[in-house]
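Shown next, in structure tokens, is the structure this report addresses.
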2 protein chains.
Amino acid sequence: MSRPERVSGPTRERIAEAVRITGYTLNQAARSLRQRTARTILVALPDIGNTFFSTILDAIEREAALRGYGVLVVNRIAGDVSGRRLHEYFLSNRADGLLLLDGALALAPLLVLTQAPANVPLVMACEAIPDAPFHAVRTDNIYAAEVATRHLIGLGHRRIGHIQGPPGNVLTTERQTGFTNALAASGLTAQPEWILAGGFTMERGVAAAEQFMALRERPSAIFAANDEVAIGFLSGLRRHGLECPRDISVVGFDDLAVATHVWPPLTTMRQPREALGRLAAEALIDLIEGKPPSRVPKHTVLSSELIVRASTAPPPSVSTPLSAAS
Amino acid sequence: MSRPERVSGPTRERIAEAVRITGYTLNQAARSLRQRTARTILVALPDIGNTFFSTILDAIEREAALRGYGVLVVNRIAGDVSGRRLHEYFLSNRADGLLLLDGALALAPLLVLTQAPANVPLVMACEAIPDAPFHAVRTDNIYAAEVATRHLIGLGHRRIGHIQGPPGNVLTTERQTGFTNALAASGLTAQPEWILAGGFTMERGVAAAEQFMALRERPSAIFAANDEVAIGFLSGLRRHGLECPRDISVVGFDDLAVATHVWPPLTTMRQPREALGRLAAEALIDLIEGKPPSRVPKHTVLSSELIVRASTAPPPSVSTPLSAAS
DNA sequence: CAAAATCGTGCAATCGATTGCATTACATTC
DNA sequence: GAATGTAATGCAATCGATTGCACGATTTTG
């Protein structure tokens, strides 16, 4: 069944006919055993419940199905420090490759997994562990954060703060770096207390709002590490009577579907989630099926796009923005 | 390895030791082939990208992992009318059971799947196909819709409308039935044009808002089939300058995480999503591992809870609500 | 103490598709 | 026509864990 080109045309037809009549279907377990292949990829996520990831998972599943692969999911892998759970899937031959959407895992167990003798094909998506020798499909977070921050500067804001992502996450570092870069390029700096502890959840956004309200001197604009934390932040501010964008401007990151529908509609950096998922799945399956992978891990870098909505406006004191058009 | 009780204590220890030294792990493909079992369940979803489902998937994955099962996901199965894709997973022995979260599938192919000779264990979750002989874990949608509608009536609303779910979905019918029941019990009826075409997405909610704005006589309150459509509806109304709850009250359904953080925070029926997912996975795995299933399919019915937030208030004209406390 | 029952271990067959080699049939070349 | 080559088919071995039976050792029972 796996190499029909070996038999002649007529015979192939006879076989197809027999398959039709008897309703034969290939037993995947037997094939897996013999071929040492599972036609399945394992997708490891930090949190399926998060729309950001579930949309990407959607794209992954679609691409994988097209190429005849099943998709196994493991969620909340962060707790699995030793990578034990992931290892088991491969040692037991249940999956052919790993698509990793969590940059917070320990590097060592992953190296063990990808190097001889295991040699598990691995592609990281969205969150790439820095300097790790893995293929990755990601966006340029530093640059995108610069664009977001420049947007605020362009509107005339001078006191600009940042809500961080979760501690220890690559994206947190990158987005904050872009933020700082953009400020520096305009000769601005953020007070240390304007860097608010955050995370990637709405609850953390609410907490950041409390932290914000307690500030002596408040920024007039905030660049939030993602949409969820931005939405929570806005919701928290509202309880204190602050209004966006009248009192404060907020930029998010991701462009979740809900970002257009909250009030005010959120200005944000749109990440090409569909493409991220699709390309990552493609890359992984190519790696699985292809020749031995090139020694240098390839990074595919997609770009994000600024989507301007109503959550950003010139600061209260400035009536004529310096370069709002940019 | 699969029945350690067959060997004596000392021997078992020696084996454990050998496993440790050699780093042996069981080849799942070989076991699957011999045992005709995959230790994997297949979860079929209408849309992973939707938070509602992804949260449930989260719970399913957790429960499955506890019991040593992997989770394969198939998304957007609605397009697969013949059930071909689902069939293949079982014919090829890749999964031991099916957890179906989509009530919109054709019944016939599912019956073929669950009956001899295939006999695939199947549990439906959330959306149970009516009168189908399958086990199910679900909530009482009719009753919950009644509760939601009664809440509006209790606030003093008399002109109450409904945004429907997607056509052909069980939940659409059930929630509308509960809505109509509650009105009838209070001697009220909804004008036919107050029943707005909707769906389960924010986009449909925006469209429903347009439909709403075009009405001659507008309801003072709306019961929406779910939170997403409610959020889209509110967002659409805002563009026309209508304010909630001043001009209109809205009740949603599901209690998505974002429901607290939109403006105004949404009054909604909370569905126990974590429990739905967990119990469904439990039921399915019991079915897979257990004795031949009882001939009568069992429905586990969980209840939803009214969460009152700021999107509902007495109607503009009524200053003293009749029984707002209820 | 013999007979019966129980327990533990060893062994060969099995699940079903794939794989590479051996064999046969047929076409091509000198 | 013989020799060489190619294409198609047949066949047995293989992947690795499980399964049930057979056998020997040990304990229980009459």
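We use all heavy atoms of the structure for the numbers below, so side chains are in, but hydrogens, waters and symmetry mates are not. Letters go in sequence order (proteins before strands), and every chain restarts at 1.
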With a 4.0 Å cut-off on heavy atoms, is B:Ser92 in touch with a base, just the backbone sugar-phosphate, or nothing at all? nothing
Please determine if a side-chain N or O atom of B:Tyr24 lies less than 4.0 Å away from the OP1 or OP2 oxygen of D:dG16. no
Flag, side chain of A:Thr172 to backbone of A:Pro166, donor-acceptor distance under 3.5 Å: yes
Selection residues 88-103 of chain B - residue pairs positive for side chain to side chain donor-acceptor pair (under 3.5 Å), sequence neighbours left out: A:Thr40-B:Arg94
Checking all strands, does B:Thr37 fall into the base, sugar-phosphate, or nothing category for heavy-atom contacts under 4.0 angstrom? nothing
Looking at A:Met1 and A:Leu26, what are the two nearest heavy atoms and their distance? CB-CD1, 3.8 Å
Residues two or more places apart in sequence or in another chain: which of them pass side chain to side chain contact (heavy atoms under 4.5 Å, CB included) with A:Arg34? none
Scan residues 29-36 of chain B against DNA chain C and write down, sorted by residue number, each residue with any heavy atom closer than 4.0 Å; if none is found, say none. B:Leu33, B:Arg34, B:Arg36
The side chain to side chain contact (heavy atoms under 4.5 Å, CB included) partners of A:Glu13 (sequence neighbours excluded) come to none
Polar atom pairs between nucleotides 5-9 of chain D and protein, under 3.5 Å, N or O only, would you list them?
unit_1 : atom_1 : unit_2  : atom_2 : d
D:dT9  : OP1    : A:Ser8  : OG     : 3.2
D:dT9  : OP1    : A:Thr11 : OG1    : 2.3
D:dT9  : OP2    : A:Ser8  : N      : 3.0
D:dT9  : OP2    : A:Ser8  : OG     : 3.4
D:dT9  : OP2    : A:Thr11 : OG1    : 3.2

Starting at CG of B:Leu91 and ending at P of C:dG16, how long is that distance when rounded to a whole Å? 14 Å
Would you work out how much the helix from C:dC1-D:dG30 to C:dC30-D:dG1 bends between its ends, with each end axis defined by five base pairs, to 10 degrees? 40°
